[in-house]
Asker: 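Have a look at this one before I ask anything.
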There are 2 protein chains.
Amino acid sequence: MNPRERRAARHQPPNAEADADADPKPRRRKAPITVEQVVDTALDVIAMEGYEALTMRRLAGVLDTGPASLYAHVVNKADLDELLIGRLCAELVLPEPDPAAWREQIRGVCAQIRDQYLKYPGISRAALAMAPTNVETLRVSEGMLAILLSGGVAPQSAAWAIDALLLYVAAYCLEASIVRQRSAHDDAVWVVDRTELLRRFTALPAGTFPHTTRHAAELTAGEGHDRFDFTLTLMIGGLTPP
Amino acid sequence: MNPRERRAARHQPPNAEADADADPKPRRRKAPITVEQVVDTALDVIAMEGYEALTMRRLAGVLDTGPASLYAHVVNKADLDELLIGRLCAELVLPEPDPAAWREQIRGVCAQIRDQYLKYPGISRAALAMAPTNVETLRVSEGMLAILLSGGVAPQSAAWAIDALLLYVAAYCLEASIVRQRSAHDDAVWVVDRTELLRRFTALPAGTFPHTTRHAAELTAGEGHDRFDFTLTLMIGGLTPP
DNA sequence: TCTATTTACGAACGCTGTTCGTGTCAAGGT
DNA sequence: ACCTTGACACGAACAGCGTTCGTAAATAGA
């Protein structure tokens, strides 16, 4: 099956017929690379060295072959990104909607997405670039939509809120991975930890930055995912069931 | 002055002394490229062809010179990105805080940032990658902080809200520019307009995507910046002055 | 057994950011 | 007026990127 056909099937899935694949064909030559293998090793590389390190050559090197061999299973790198996000989304568990706990459920799903993104640093960049018709991402938004609707949120608000939440989660993780990458790649001088950041904020000219210097502590505060939780509270709190 | 020194000065500005530069030296050889010139033409290129088209070679070509010449004025491309974002932020007008209209003022600033980002498609990607100690971005967050504090928002909420808002605006514009780029670059088959998207959503198997098919209209709704306005209302509405 | 089709892959193309060494010009000291 | 100095401009090159082409090999079907 052509990689192009594989990709098309991901965006326009056959309506109902379940084509049960026959018995898996016996291995052919030496290591007939499969798409799953490519995706697996790509995720391994990202988990170890970050998304920036995932090049076609690096990936081919791990599978010890040449970069050209990958294009038998993948249309191009954007297609590979799509497969990676698809795998990520497939591993998310979407709870059965509980009208009494819809806020916690939405928070939980967002936290799951966040943790998956952070597990594979930088991959959220690929998530931002993805077309909204991908089957796996549609499964996620379907699940979130079910939760919000069960909570009594108006359909229009629910649809837009899902968009906003997914966008924020991706951006949050992207920023986090950029900081991580900078601390690893750069001269390690240009990256600043929280105390250094606090020092710089307080050292700013108080004439032009009065509030920044005064509230430097608040600006640099936030252990772990405090900022993430705050923003989610802000957004979910604004959704009003009637 | 070394480009590295220039960059350092942007992140740790001299506290007070105003070093008034002397009379500008008369032009030297033929066209002594200045940093402002580089930034100007870079923004021109981005406005015309998008951020993806801004390469060092392309930029040098417009200034008709070689790529090596740019490195006399700029440390590297990340440094150029920083200068571009700095220029963008410098053009934002930050209103004098009005405690009675702080919500509208915050919305206005965010809309300004959004429009600047969209004017230079794809540049928000550079904004996401920027260190938080840049002077120009600090000016913006200082201005937003002043507005929120004047509205009576708690300092900690204000600080985190600014972070969330800036992150969302950047992600929103990044997504928009990605769609724009895909429609220009790709085969123009893979990109779908709203009616086509609606058709695909309704054509999904209703068994596995019941809510998506039922509310396909809401999921694909949103003229102009409706989704943007919705999210900002969500976030700003959650900020409670006592 | 012979052929057709699929798969693997070395080599190359055009592109990117960046650096080295050299050339060229203006200013400063003698 | 000459020479030195320092800063700038820039051609050429390097390593790496995604991607394509042509070819070789190995299985599947007749």
Side-chain angles (χ1 to χ4, degrees), chain A residues 1-7 22-35 37-38 41-42 45 49-84 122 125-126 129 181 185-187, chain B residues 1-7 22-35 37-38 41-42 45 49-84 122 125-126 129 181 185-187:
Chain A
M1 188 193 233
N2 208 319
R4 302 194 112 89
E5 300 170 1
R6 264 196 283 261
R7 180 176 64 176
D23 46 4
K25 305 173 182 179
R27 304 304 174 83
R28 276 179 60 152
R29 214 170 50 131
K30 63 158 191 179
I33 305 175
T34 64
V35 189
Q37 220 174 341
V38 172
T41 51
V45 171
E49 314 173 30
Y51 178 76
E52 309 295 322
L54 180 74
T55 69
M56 299 301 268
R57 284 179 164 78
R58 178 93 183 82
L59 179 54
V62 176
L63 290 164
D64 50 19
T65 176
S69 305
L70 300 175
Y71 288 84
H73 307 93
V74 155
V75 178
N76 48 26
K77 191 163 192 294
D79 185 40
L80 174 61
D81 292 342
E82 211 171 273
L83 287 168
L84 295 176
R125 187 173 127 189
Q181 179 193 355
H185 175 273
D186 269 17
D187 317 78
Chain B
M1 188 193 233
N2 208 320
R4 303 195 110 87
E5 301 171 0
R6 264 195 284 261
R7 180 177 62 176
D23 47 350
K25 303 174 182 178
R27 304 304 173 86
R28 276 178 60 152
R29 215 171 48 134
K30 64 159 192 177
I33 305 175
T34 64
V35 188
Q37 219 174 341
V38 172
T41 51
V45 171
E49 313 172 31
Y51 178 76
E52 309 294 322
L54 180 75
T55 68
M56 299 301 265
R57 283 178 165 78
R58 178 93 183 82
L59 180 54
V62 177
L63 291 164
D64 50 21
T65 176
S69 305
L70 300 175
Y71 288 84
H73 306 93
V74 156
V75 178
N76 48 26
K77 191 162 193 292
D79 186 40
L80 175 61
D81 292 343
E82 211 171 273
L83 288 167
L84 295 175
R125 186 173 127 189
Q181 180 192 355
H185 176 274
D186 268 18
D187 317 76

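Atom set for the values below is all heavy atoms of this structure, side chains included, hydrogens, waters and symmetry mates excluded. Lettering follows sequence order; numbering is per chain, from 1.
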Asker: Write down the distance between NZ (A/K77) and P (D/dG18), rounded to a whole number of angstrom.
Answerer: 6 Å

Asker: Taking all heavy atoms of A/A126 and all of A/Y51, pick out the closest pair and write down the distance.
Answerer: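 For A/A126 versus A/Y51, the nearest heavy atoms are CB-OH, 4.1 Å.
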
Asker: Take atom CG of A/L63 and atom P of C/dA8, then tell me their distance rounded to the nearest Å.
Answerer: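 Rounded to whole Å, this separation is 11 Å.
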
Asker: What is the distance from CD of B/E52 to P of D/dG18, rounded to the nearest Å?
Answerer: 14 Å

Asker: Report the nucleotide, chosen from C/dT19, C/dA8, C/dG10, that has the shortest atom-to-atom distance to any side-chain atom of A/A72.
Answerer: C/dA8

Asker: Which whole-number value in Å describes the distance from A/L54 CG to D/dG18 C1'?
Answerer: 12 Å

Asker: Take the protein atom CG of B/L70 and the nucleotide atom P of D/dA9, then report the distance between them rounded to whole Å.
Answerer: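 In whole Å, D/dA9 P lies 10 Å from B/L70 CG.
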
Asker: Quick check for you: among C/dA8, D/dG18, D/dA9, whose closest atom lies nearest to any side-chain atom of A/Y71?
Answerer: D/dG18

Asker: Quick one: is A/H73 getting a side-chain N or O under 4.0 Å of the C/dT7 phosphate, OP1 or OP2?
Answerer: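 No, A/H73 has no side-chain N/O under 4.0 Å of OP1/OP2 on C/dT7.
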
Asker: Reading DNA chain D from 5' onward, which residue's closest nucleotide shows up sooner: A/V75 or A/R58?
Answerer: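 Nearer the 5' end of the strand: A/R58.
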
Asker: Compare the minimum distances between each of D/dG18, C/dC9, D/dA9 and the side chain of A/S69, then state the nucleotide with the smallest one.
Answerer: C/dC9

Asker: Starting at atom CG of B/D79, determine the distance to atom P of C/dG17, rounded to an integer number of angstrom.
Answerer: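 The distance from CG of B/D79 to P of C/dG17 comes to 14 Å, rounded to the nearest Å.
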
Asker: Would you name the heavy atoms of A/L70 and A/M56 that are closest together and state the gap between them?
Answerer: CD1-O, 3.3 Å

Asker: State which residues pass side-chain hydrogen bond (donor to acceptor under 3.5 Å, both in side chains) with A/Y71; sequence neighbours excluded, sorted by chain then number.
Answerer: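 Once residues adjacent in sequence are excluded, A/Y71 has no partner under the side-chain hydrogen bond (donor to acceptor under 3.5 Å, both in side chains) criterion.
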
Asker: If I take atom CD from residue A/E82 and atom CZ from residue A/R7, how far apart are they, to the nearest 0.5 angstrom?
Answerer: 7.0 Å

Asker: Could you work out which one of C/dC20, C/dC9, C/dT18 sits closest to the side chain of B/A68?
Answerer: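 Between C/dC20, C/dC9, C/dT18, the one nearest the side chain of B/A68 would be C/dC20.
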
Asker: Taking the minimum atom-to-atom distance to the side chain of A/T65, which one of C/dA8, C/dC20, C/dC9 wins?
Answerer: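 Closest nucleotide among those given: C/dC9.
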
Asker: Please list, chain by chain and in numerical order, all residues satisfying salt bridge (charged side-chain N to carboxylate O under 4.0 Å, His left out) with A/R58, sequence neighbours excluded.
Answerer: A/E49

Asker: Compare all side-chain heavy atoms of A/D81 with those of A/R125 and state whether any distance is below 4.5 angstrom.
Answerer: no

Asker: When rounded to the nearest 0.5 angstrom, what distance separates CG in B/L59 from CG in B/L54?
Answerer: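 Reported value, rounded in 0.5 Å steps: 5.5 Å.
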
Asker: Kindly give the atom pairs (protein nitrogen or oxygen, nucleotide nitrogen or oxygen) under 3.5 Å for nucleotides 14-16 of chain D.
Answerer:
none

Asker: Within this structure, what is the CG-to-P distance between B/L59 and C/dT16, rounded to whole angstrom?
Answerer: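 Rounding to the nearest Å, CG of B/L59 and P of C/dT16 are 12 Å apart.
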
